[in-house]
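Below: one structure, written as structure tokens.
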Amino acid sequence: MTLPDPGANDDLSNLAWQVESGANEAVLDKPVNRFLLKEKESAEPRQALPEKQKKPVQPIAQSLTQTPPEAEISAEKLAKAAKTLGELKAAIEGFDGCSLKKTAMNTVFSRGEVASGLMLIGEAPGAEEDRQGKPFVGASGHLLDTMMAAIGREKDKDYYISNILPWRPPGNRKPTPVEQTLCLPFIKRHIELVSPKVIILLGGTALSALLDISEGITRVRGKWLSYRVGKITIPALAMFHPAYLLRQPQLKRQAWHDLLEIKTKLDG
Ligand code: URA
């Protein structure tokens, strides 16, 4: 009888754990000194391209080298010009001003039912969301769906989900303030077009990006706040991010309190 090789199992579960944690980028065995490469490149004389082979100049909004202020203005313009959710999705997919798009597999726009009146907003896609092109479809999405089911809200029917950022930050790192600012016009327009009755902000990034308050999630979770768009004010409640609840299960008690608060608001 051959016994299973415990070492092999360990390797497999280690690998699965790394993929689940977002460490799925290939890293070279030896570090590459990119400063040296750059020096080498610039030391070599460049030959001018014949007129016909020259690349067409890209408009600023599509260039990857554009500076953030230009990209910010272009995101603002593109978002404002979108009159429907379909147009907004296309505008985001065509926007090259945020470098996160270069490393992401997909643009993650939304999932769920627009007409449900309930919009949930997270931070940014993780590895599974990037693969599938849909928000909250990994482990934290599973917990989120279970939490919503506990207050009688059915997946893909009774709520609608999106994120502050439509692209996955490499290795699931926290999006930088510049990346958040760049993508903010899109989620703001997204909220405006959906015009939900209630917003749930999942985690500190969604809270600080959309509401102008200095207090953190631990202090303001579970309290009704206001999100203003144009002339309308939408009640918004912040709660702990499901990924955080997976790491800190003792906080689920507070999350349950927040869910009941949301249920009361929606039922009332
Ligand atoms: N975390 C988020 O904030 N959003 C997702 O879509 C997935 C995980």
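Worth knowing before you read on, the calculation uses all heavy atoms, side chains too, and leaves out hydrogens, waters and symmetry mates. Atoms within each ligand, like the ligands themselves, are counted from 1 in listed order.
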Would His241 count as a contact residue for ligand 1, given that I'm defining contact as a non-hydrogen atom of the residue lying under 4.0 Å from a ligand atom?
yes
When distances are taken from atom 4 (N) of ligand 1, the protein heavy atom at minimum range is Asn163 OD1, 2.8 Å
Residues Pro196 and Ile199: closest non-hydrogen pair is CG-CG1, 3.8 Å
Do the two ring centres, one from Phe109 and one from His190, sit under 6.0 Å apart?
yes
Donor-acceptor pairs under 3.5 angstrom involving side-chain atoms of residues 222-234: please list them, not counting sequence neighbours.
unit_1 : atom_1 : unit_2 : atom_2 : d
Lys223 : NZ     : Arg219 : O      : 3.0
Trp224 : NE1    : Glu261 : OE2    : 3.0

Per the side-chain hydrogen bond (donor to acceptor under 3.5 Å, both in side chains) rule, what does the pair list look like for residues 192-213, sequence neighbours excluded?
Glu123-Thr205, Lys174-Thr205, Arg189-Glu192
Within 6.0 Å of NZ in Lys101, more than 12 heavy atoms from elsewhere:
yes
Under 3.5 Å donor-acceptor, Arg153 side chain and Asp158 backbone:
yes
Min heavy-atom dist Ala243 to ligand 1 below 4.0 Å
no
Atom 8 (C) of ligand 1: nearest protein contact (heavy atom, Å):
Ser140 OG, 3.6 Å
For atom 3 (O) of ligand 1, which of the options Arg111, Gln132, Glu123 provides the nearest non-hydrogen atom?
Glu123
Geometric N/O contact Ala124 with ligand 1, under 3.5 angstrom
yes
If I take atom CG from residue Leu251 and atom NE2 from residue His257, how far apart are they, to the nearest 0.5 angstrom?
14.0 Å
Heavy-atom contacts under 4.0 Å between Pro135 and ligand 1: side chain, backbone, both, or neither?
both
Look only at interatomic distance and state if Glu129 has a nitrogen or oxygen under 3.5 Å from any nitrogen or oxygen of ligand 1.
no
Check ligand 1 against Gly122 and write out every atom of the ligand that is under 4.0 Å from a heavy-atom position of the residue.
3 (O)
